[in-house]
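Below is one structure, written out as C-alpha coordinates; the observations come after it.
Whatever order the structure lists them in is the order used to number ligands and atoms, beginning at 1.
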Amino acid sequence: MKILQITDTHLTGDGRPLFGSSPAQRLAAAAEVIRRDHGDAAFCLFTGDLADDGSAQAYRQLADIAATLPMPCHFLVGNHDARPALLDALWPAGEAAGGFAQRAIDTEHGRFLLLDTQRDRAAGGAYCGRRLDWLAGQLQRAGPRTRFWLVMHHPPLPLGIPSMDQYALDAAAADSLWQVLEPHRERIRHLLFGHVHRAIGGSWRGIPFSCAKSTNHQVALDLRSRGVDVPGGHDAPGFAVILIDRDSVVVHHHEFLATGPAFWI
Ligand SMILES: [Fe+2]
(Lines give C-alpha, C1' and ligand atoms only; values in the text may rest on other atoms or scores of the structure.)
Protein backbone atom coordinates (compact mmCIF):
# COMPACT_ATOMS: atom_id res chain seq x y z
CA MET A 1 0.00 0.00 0.00
CA LYS A 2 1.23 3.45 -0.90
CA ILE A 3 0.04 6.52 1.00
CA LEU A 4 1.04 10.18 0.83
CA GLN A 5 1.64 12.78 3.51
CA ILE A 6 1.31 16.46 2.66
CA THR A 7 1.81 18.86 5.52
CA ASP A 8 1.90 22.51 6.54
CA THR A 9 0.52 23.85 3.29
CA HIS A 10 -0.12 27.23 5.03
CA LEU A 11 -2.51 28.43 2.34
CA THR A 12 -3.36 32.12 2.50
CA GLY A 13 -6.99 32.92 1.88
CA ASP A 14 -6.21 36.06 -0.10
CA GLY A 15 -3.51 34.36 -2.16
CA ARG A 16 -0.69 36.52 -0.78
CA PRO A 17 2.81 34.99 -0.79
CA LEU A 18 4.22 33.72 2.48
CA PHE A 19 7.93 34.19 3.14
CA GLY A 20 8.44 34.88 -0.54
CA SER A 21 6.61 31.95 -2.12
CA SER A 22 2.99 31.21 -2.97
CA PRO A 23 1.58 28.37 -0.83
CA ALA A 24 -1.21 27.77 -3.36
CA GLN A 25 1.18 27.59 -6.33
CA ARG A 26 3.47 25.24 -4.49
CA LEU A 27 0.62 22.96 -3.44
CA ALA A 28 -0.69 22.97 -7.01
CA ALA A 29 2.81 21.94 -8.20
CA ALA A 30 2.85 19.09 -5.66
CA ALA A 31 -0.61 18.01 -6.84
CA GLU A 32 0.60 17.91 -10.44
CA VAL A 33 3.48 15.62 -9.49
CA ILE A 34 1.13 13.41 -7.48
CA ARG A 35 -1.29 13.07 -10.40
CA ARG A 36 1.63 12.16 -12.66
CA ASP A 37 3.58 9.79 -10.38
CA HIS A 38 1.46 8.71 -7.42
CA GLY A 39 -2.08 8.28 -8.66
CA ASP A 40 -1.95 4.75 -7.25
CA ALA A 41 -1.70 5.94 -3.61
CA ALA A 42 -4.53 4.62 -1.44
CA PHE A 43 -5.06 8.01 0.24
CA CYS A 44 -3.37 11.26 1.17
CA LEU A 45 -3.02 12.61 4.71
CA PHE A 46 -2.81 16.39 5.16
CA THR A 47 -1.29 16.76 8.61
CA GLY A 48 -2.28 20.24 9.71
CA ASP A 49 -1.45 23.93 9.31
CA LEU A 50 -3.50 23.70 6.16
CA ALA A 51 -4.43 27.40 6.21
CA ASP A 52 -1.96 29.97 7.48
CA ASP A 53 -4.79 32.30 8.51
CA GLY A 54 -7.54 29.76 9.24
CA SER A 55 -9.80 31.42 6.66
CA ALA A 56 -12.74 29.69 4.98
CA GLN A 57 -11.33 30.93 1.67
CA ALA A 58 -8.09 29.00 2.21
CA TYR A 59 -9.98 25.78 3.03
CA ARG A 60 -12.08 26.17 -0.11
CA GLN A 61 -8.87 26.59 -2.09
CA LEU A 62 -7.51 23.40 -0.51
CA ALA A 63 -10.73 21.52 -1.27
CA ASP A 64 -10.44 22.59 -4.92
CA ILE A 65 -6.82 21.40 -5.21
CA ALA A 66 -7.52 18.14 -3.32
CA ALA A 67 -10.42 17.47 -5.71
CA THR A 68 -7.88 17.24 -8.55
CA LEU A 69 -6.21 14.26 -6.82
CA PRO A 70 -7.44 10.79 -7.72
CA MET A 71 -7.25 9.38 -4.15
CA PRO A 72 -9.28 10.20 -1.00
CA CYS A 73 -7.77 12.97 1.13
CA HIS A 74 -8.00 13.26 4.92
CA PHE A 75 -7.33 16.48 6.79
CA LEU A 76 -5.91 17.12 10.26
CA VAL A 77 -5.96 20.27 12.31
CA GLY A 78 -2.76 22.20 13.15
CA ASN A 79 -2.08 25.20 15.35
CA HIS A 80 -2.69 27.67 12.51
CA ASP A 81 -6.04 26.14 11.59
CA ALA A 82 -9.52 27.24 12.59
CA ARG A 83 -11.14 23.94 13.52
CA PRO A 84 -14.79 24.84 12.70
CA ALA A 85 -13.94 26.27 9.26
CA LEU A 86 -11.67 23.30 8.48
CA LEU A 87 -14.30 20.73 9.53
CA ASP A 88 -16.94 22.57 7.57
CA ALA A 89 -15.00 22.64 4.30
CA LEU A 90 -12.99 19.41 4.40
CA TRP A 91 -14.58 16.79 6.67
CA PRO A 92 -17.44 14.42 6.07
CA ALA A 93 -20.43 15.76 8.02
CA GLY A 94 -20.78 14.41 11.55
CA GLU A 95 -17.44 12.55 11.57
CA ALA A 96 -15.53 14.73 14.05
CA ALA A 97 -15.45 12.74 17.32
CA GLY A 98 -16.84 14.92 20.12
CA GLY A 99 -16.33 18.05 18.01
CA PHE A 100 -12.58 17.41 17.70
CA ALA A 101 -10.90 16.70 14.38
CA GLN A 102 -10.39 13.05 15.27
CA ARG A 103 -11.44 9.94 13.38
CA ALA A 104 -10.30 6.44 12.49
CA ILE A 105 -9.64 5.15 8.99
CA ASP A 106 -9.49 1.38 8.52
CA THR A 107 -7.16 0.02 5.85
CA GLU A 108 -5.80 -3.35 4.80
CA HIS A 109 -2.75 -2.61 6.99
CA GLY A 110 -4.55 -1.45 10.08
CA ARG A 111 -6.35 1.48 11.62
CA PHE A 112 -5.09 5.03 11.09
CA LEU A 113 -5.99 7.23 14.06
CA LEU A 114 -6.16 10.91 13.16
CA LEU A 115 -5.52 12.94 16.33
CA ASP A 116 -6.36 16.57 17.07
CA THR A 117 -3.53 18.22 19.06
CA GLN A 118 -4.66 21.83 18.78
CA ARG A 119 -4.67 24.08 21.85
CA ASP A 120 -6.83 27.11 21.01
CA ARG A 121 -4.57 28.00 18.10
CA ALA A 122 -1.56 28.52 20.38
CA ALA A 123 1.65 27.39 18.67
CA GLY A 124 2.23 24.46 21.01
CA GLY A 125 0.00 21.40 21.15
CA ALA A 126 -2.29 19.89 23.78
CA TYR A 127 -4.27 16.68 24.22
CA CYS A 128 -7.12 16.83 26.71
CA GLY A 129 -9.01 14.12 28.60
CA ARG A 130 -11.90 14.06 26.12
CA ARG A 131 -9.56 13.41 23.23
CA LEU A 132 -7.67 10.80 25.25
CA ASP A 133 -10.93 9.00 26.05
CA TRP A 134 -11.72 8.72 22.36
CA LEU A 135 -8.23 7.39 21.62
CA ALA A 136 -8.36 4.89 24.49
CA GLY A 137 -11.72 3.63 23.17
CA GLN A 138 -10.30 3.18 19.67
CA LEU A 139 -7.35 1.19 20.99
CA GLN A 140 -9.32 -0.92 23.46
CA ARG A 141 -12.28 -1.81 21.26
CA ALA A 142 -10.24 -2.99 18.26
CA GLY A 143 -9.60 -6.69 17.83
CA PRO A 144 -6.29 -8.07 19.17
CA ARG A 145 -4.83 -8.39 15.66
CA THR A 146 -5.55 -4.77 14.67
CA ARG A 147 -2.44 -2.68 13.99
CA PHE A 148 -2.45 1.10 14.51
CA TRP A 149 -0.95 4.18 12.88
CA LEU A 150 -0.90 7.49 14.74
CA VAL A 151 -1.26 10.68 12.73
CA MET A 152 -1.05 14.12 14.36
CA HIS A 153 0.21 17.64 13.80
CA HIS A 154 2.48 18.23 16.80
CA PRO A 155 5.39 15.93 17.69
CA PRO A 156 5.06 14.40 21.17
CA LEU A 157 8.80 14.71 21.76
CA PRO A 158 11.59 17.31 21.50
CA LEU A 159 13.57 17.01 18.25
CA GLY A 160 16.72 18.94 19.13
CA ILE A 161 15.60 22.17 17.45
CA PRO A 162 14.97 24.34 20.56
CA SER A 163 12.95 27.03 18.77
CA MET A 164 10.43 24.38 17.65
CA ASP A 165 10.70 22.12 20.69
CA GLN A 166 9.09 24.89 22.75
CA TYR A 167 6.03 24.53 20.49
CA ALA A 168 5.79 20.71 20.51
CA LEU A 169 3.00 18.80 22.23
CA ASP A 170 2.99 19.90 25.86
CA ALA A 171 5.19 17.51 27.91
CA ALA A 172 2.40 16.66 30.37
CA ALA A 173 0.05 15.93 27.46
CA ALA A 174 2.71 13.73 25.84
CA ASP A 175 2.99 11.75 29.09
CA SER A 176 -0.79 11.33 29.33
CA LEU A 177 -0.81 10.24 25.71
CA TRP A 178 1.87 7.68 26.46
CA GLN A 179 -0.10 6.25 29.41
CA VAL A 180 -2.90 5.44 26.97
CA LEU A 181 -0.62 4.16 24.20
CA GLU A 182 1.79 2.05 26.24
CA PRO A 183 -0.42 -1.02 26.77
CA HIS A 184 -0.86 -1.16 22.97
CA ARG A 185 2.74 -0.35 22.10
CA GLU A 186 3.36 -3.60 20.23
CA ARG A 187 0.43 -2.92 17.90
CA ILE A 188 1.48 0.63 16.91
CA ARG A 189 3.42 0.53 13.65
CA HIS A 190 4.31 4.16 13.02
CA LEU A 191 3.68 7.76 14.03
CA LEU A 192 3.36 10.52 11.41
CA PHE A 193 3.40 14.21 12.24
CA GLY A 194 4.00 17.64 10.66
CA HIS A 195 4.52 21.01 12.36
CA VAL A 196 8.34 20.97 12.18
CA HIS A 197 8.63 21.66 8.42
CA ARG A 198 11.56 19.27 8.00
CA ALA A 199 12.19 15.69 6.85
CA ILE A 200 12.92 13.88 10.12
CA GLY A 201 12.84 10.25 11.21
CA GLY A 202 13.50 8.48 14.50
CA SER A 203 11.60 6.74 17.28
CA TRP A 204 9.70 7.81 20.38
CA ARG A 205 9.67 5.33 23.25
CA GLY A 206 10.14 2.60 20.66
CA ILE A 207 7.53 3.85 18.17
CA PRO A 208 9.07 4.74 14.79
CA PHE A 209 8.12 8.22 13.58
CA SER A 210 8.55 10.48 10.58
CA CYS A 211 7.92 14.14 9.88
CA ALA A 212 7.55 15.55 6.35
CA LYS A 213 8.65 18.86 4.85
CA SER A 214 6.22 21.70 4.29
CA THR A 215 5.00 22.26 0.76
CA ASN A 216 5.82 25.97 1.21
CA HIS A 217 8.59 27.01 3.65
CA GLN A 218 10.99 25.08 5.88
CA VAL A 219 12.38 25.37 9.40
CA ALA A 220 16.16 25.75 9.46
CA LEU A 221 18.34 23.02 10.93
CA ASP A 222 19.36 25.35 13.74
CA LEU A 223 20.15 23.41 16.90
CA ARG A 224 21.10 26.49 18.94
CA SER A 225 18.58 29.38 18.63
CA ARG A 226 16.37 29.59 21.70
CA GLY A 227 14.27 32.72 21.13
CA VAL A 228 10.52 32.83 20.56
CA ASP A 229 11.03 33.20 16.80
CA VAL A 230 11.74 30.19 14.63
CA PRO A 231 14.59 30.35 12.10
CA GLY A 232 13.25 29.49 8.65
CA GLY A 233 14.67 28.87 5.22
CA HIS A 234 13.84 28.01 1.66
CA ASP A 235 15.21 24.49 1.48
CA ALA A 236 13.35 22.56 -1.21
CA PRO A 237 9.70 21.89 -0.31
CA GLY A 238 8.47 18.32 -0.20
CA PHE A 239 5.87 15.72 0.60
CA ALA A 240 6.24 12.13 1.79
CA VAL A 241 5.56 8.96 -0.17
CA ILE A 242 5.09 6.08 2.27
CA LEU A 243 5.25 2.44 1.21
CA ILE A 244 3.68 -0.05 3.59
CA ASP A 245 3.95 -3.81 3.53
CA ARG A 246 3.26 -6.56 6.04
CA ASP A 247 6.73 -6.24 7.54
CA SER A 248 8.06 -2.87 6.38
CA VAL A 249 7.34 0.87 6.33
CA VAL A 250 9.45 3.02 3.98
CA VAL A 251 9.19 6.81 4.01
CA HIS A 252 10.47 8.71 0.96
CA HIS A 253 10.69 12.50 1.02
CA HIS A 254 10.03 13.86 -2.44
CA GLU A 255 11.33 17.35 -3.21
CA PHE A 256 8.82 17.97 -5.92
CA LEU A 257 10.21 21.28 -7.24
CA ALA A 258 13.69 19.88 -7.92
CA THR A 259 14.69 20.73 -11.48
CA GLY A 260 17.65 19.91 -13.65
CA PRO A 261 18.36 17.25 -16.17
CA ALA A 262 17.57 13.62 -15.31
CA PHE A 263 20.12 10.95 -16.10
CA TRP A 264 20.85 7.28 -15.62
CA ILE A 265 23.47 6.43 -13.00
FE1 LIG B 1 3.36 24.84 10.08
Side-chain angles (χ1 to χ4, degrees), residues 4-30 44-55 57-59 61-62 65-66 73-83 85-86 89-90 101 114-127 151-170 191-201 209-222 225 227-240 253 255-257:
L4 305 173
Q5 181 190 6
I6 293 182
T7 197
D8 294 84
T9 52
H10 283 268
L11 292 170
T12 52
D14 57 6
R16 73 189 151 81
L18 189 61
F19 306 118
S21 57
S22 161
Q25 280 175 17
R26 289 206 162 177
L27 179 58
C44 182
L45 296 165
F46 285 76
T47 50
D49 277 4
L50 309 181
D52 192 63
D53 52 6
S55 68
Q57 243 178 322
Y59 296 122
Q61 209 172 36
L62 179 52
I65 295 173
C73 294
H74 306 295
F75 304 93
L76 278 79
V77 69
N79 47 292
H80 276 262
D81 291 305
R83 189 186 289 116
L86 185 154
L90 297 166
L114 278 48
L115 310 184
D116 178 338
T117 56
Q118 195 193 64
R119 181 180 56 195
D120 299 329
R121 297 181 73 182
Y127 206 64
V151 191
M152 55 207 281
H153 180 69
H154 293 85
L157 72 161
L159 297 167
I161 301 176
S163 63
M164 282 305 286
D165 288 345
Q166 66 185 324
Y167 303 125
L169 188 67
D170 167 74
L191 160 65
L192 296 165
F193 53 79
H195 190 54
V196 193
H197 294 225
R198 292 199 63 80
I200 306 172
F209 72 75
S210 56
C211 174
K213 296 181 126 189
S214 163
T215 49
N216 191 63
H217 57 283
Q218 312 309 316
V219 167
L221 183 60
D222 180 334
S225 298
V228 290
D229 293 328
V230 176
H234 270 303
D235 307 353
F239 60 82
H253 296 281
E255 295 175 347
F256 57 89
L257 285 189

> Nearest to the Fe ion (ligand 1), which N, O or S atom of Asp8 do we find?
Replying inline: OD2

> What about the rings of His10 and His217, do their centers lie closer together than 6.0 Å?
Replying inline: yes

>> If I take every N, O or S atom of His197, is at least one of them less than 2.8 Å from the Fe ion (ligand 1)?
In response: yes

> Can you find a side-chain donor-acceptor pair between Asp116 and Tyr127 that sits under 3.5 Å?
Replying inline: no

> Is the Fe ion (ligand 1) under 2.8 Å from any N, O or S atom of His80?
Replying inline: no

>> Just verifying a value: how many Å separate Ser163 OG and Asp222 CG, rounded to the nearest 0.5 Å?
In response: 6.0 Å

> Of all N, O or S atoms in Asp49, which has the smallest distance to the Fe ion (ligand 1)?
Replying inline: OD2

> Do the two ring centres, one from His195 and one from His80, sit under 6.0 Å apart?
Replying inline: no

